[in-house]
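One structure below.
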There are 2 protein chains.
Amino acid sequence: MSLPHAILTALLEQPGSGAELARRFDKSFGFFWPATHQQIYRELGRLEKDGLIRSTGRDSSRGRAKDYEVLGEGRRELQRWTAEQQDPRPVREALMIRLRAASVLGDPIADELERHLRLHREQLATYRALDERGNWGGGNELQRSVLTAGIMFEETWIAWAEQTLDAL
Amino acid sequence: MSLPHAILTALLEQPGSGAELARRFDKSFGFFWPATHQQIYRELGRLEKDGLIRSTGRDSSRGRAKDYEVLGEGRRELQRWTAEQQDPRPVREALMIRLRAASVLGDPIADELERHLRLHREQLATYRALDERGNWGGGNELQRSVLTAGIMFEETWIAWAEQTLDAL
DNA sequence: ATGGCCATGTAACGTGTTACATGATTTC
DNA sequence: GAAATCATGTAACACGTTACATGGCCAT
C-alpha cells in the first residue's frame, strides 16, 4: 500500500495532473517506487473517490489535463502512514536465481553479468548527475539522503559484479 | 516469471516436497526470491501440469508429502530462461517514500530509521553466519557470490542509515 | 482417542504489467 | 485538415498476500 502514499507525497510537494506525476515518477520519485501511468490514474481515481484529493480544474472531458491537490483528509492519512511501523519488503533480484541456476546447470552467465554491470554503471551516472545538479540544504536533506541511498546501492552492485566476474 | 525457475533450480539442486522447498526458501533460497508455501504449491501444480517436473511418490492423498523431481523438459526450460536477457527489476523501498513524506510533512522519522537499522544488522548477522558455516570451493563459488551480495547490500544499508541518522 | 502438528491445498483480494482505446491539442 | 502527439482512460491477466480448510501423522 505504498503507491497511493507516494502519490500523496508527490502532490504535496507539487500539485499536478496524472501525466505530470507519471513524468515525475520516471525522473526522480520512482527511483524507489516506480509506477506506470495506468497505475497512477487508477490510484488518482481511488484517492479522489475516498476524499483524499480533489481535481481543481472544472473541465474534465477525456483528453484534458486534470490537476489534483491534496485535501486535509489526505494529509492526515499520509501522516498516519508515515508514522506507522513497516518492515522492509524482501528483496527480489532474479539475477541471483539465475546465478544459482547457472551454477547447478554448469551454464555460462558472464555475459549477462557484464550487461547488468553496464546498466548499473549508467544508473549510477544518472544519480550522480542529479546529485550534482540539485540545490541541497534548506529542508530537503532527507530528499538528498534518498538519492545518496541510490548512489550507494549502485556502487555496491558494481563492486559486487566486478569481483564476481573476476572470480569466474 | 522467476518463481517457477527458482523452484526448478531448487529441485535440481535437491529433489523434495513442497514443504521442504518452503523451508529451503526461508533458509537460503528465498533471500533473493522469497515465496510462501501457497505460492510454491501453486507453481508446483503448474509445473507438473506443464510436464516440467513430476511427483515421484505414488501415494498422493491430501496430507502426505509429495516429492518432486525435474524432468528433461524442465531442465531445458531452465537453461532457456538462464540464457535469456532480463533487465533488473526496479527497486521498491517504501522507507524512501516515507522519508520524502516525512520531509514534506515536517514529521519525525528517526525512530523508524533506527528500527530498520536494527533489522538490517540482524539480517547481516544471519548472512555472515551462513557464510562462515558453508563449505565453499568445489563448484559452488556462484552460490557463495549470491551470499556475498546479500552481505554487501546489508552493509551498505547499514552505512547509509547510520550516516542519515547522524545528519538528522 | 484426542490434541497438536505437519503437509497440502482453496479462495479472495490487491498490486503490478501489458495491450489497447479514445478525446484533445499541436504541427505542418 | 491530416498526422503526430499528449492526456486520460479500460480491460485482462500474472503475481504476491492473507486467511482459512482438510487430511494424515504422532505422542500421550
- Measure the spacing between CD of B:E155 and CD1 of B:I158 and express it to the nearest 0.5 Å. 7.0 Å
Hey, any chance [X] and [Y] share a hydrophobic cluster, counting ILVMFWY side chains that come within less than 4.5 Å of each other, even indirectly?
{"X": "B:L52", "Y": "B:Y68", "value": "yes"}
{"X": "A:L113", "Y": "A:V104", "value": "no"}
{"X": "B:M152", "Y": "B:F31", "value": "yes"}

Please state how far atom [atom1] in [X] lies from atom [atom2] in [N], giving the value in whole angstrom units.
{"X": "A:D67", "N": "D:dC6", "atom1": "CG", "atom2": "P", "value": "18 Å"}
{"X": "A:D26", "N": "D:dA7", "atom1": "CG", "atom2": "P", "value": "12 Å"}
{"X": "B:Y68", "N": "C:dG9", "atom1": "OH", "atom2": "C1'", "value": "10 Å"}
{"X": "A:I40", "N": "C:dT18", "atom1": "CD1", "atom2": "P", "value": "15 Å"}
{"X": "B:Q86", "N": "C:dT17", "atom1": "CD", "atom2": "P", "value": "14 Å"}

- B/S/- contact track for nucleotides 10-17 of chain D, protein heavy atom under 4.0 Å: B----SBB
- Member of A:E48, A:E73, A:E69 meeting the side chain to side chain donor-acceptor pair (under 3.5 Å) criterion with A:R54: A:E69
- Query: Do you know which of B:Q79, B:R80, B:R75 makes side chain to side chain donor-acceptor pair (under 3.5 Å) with B:E77?
  - Reply: B:R80
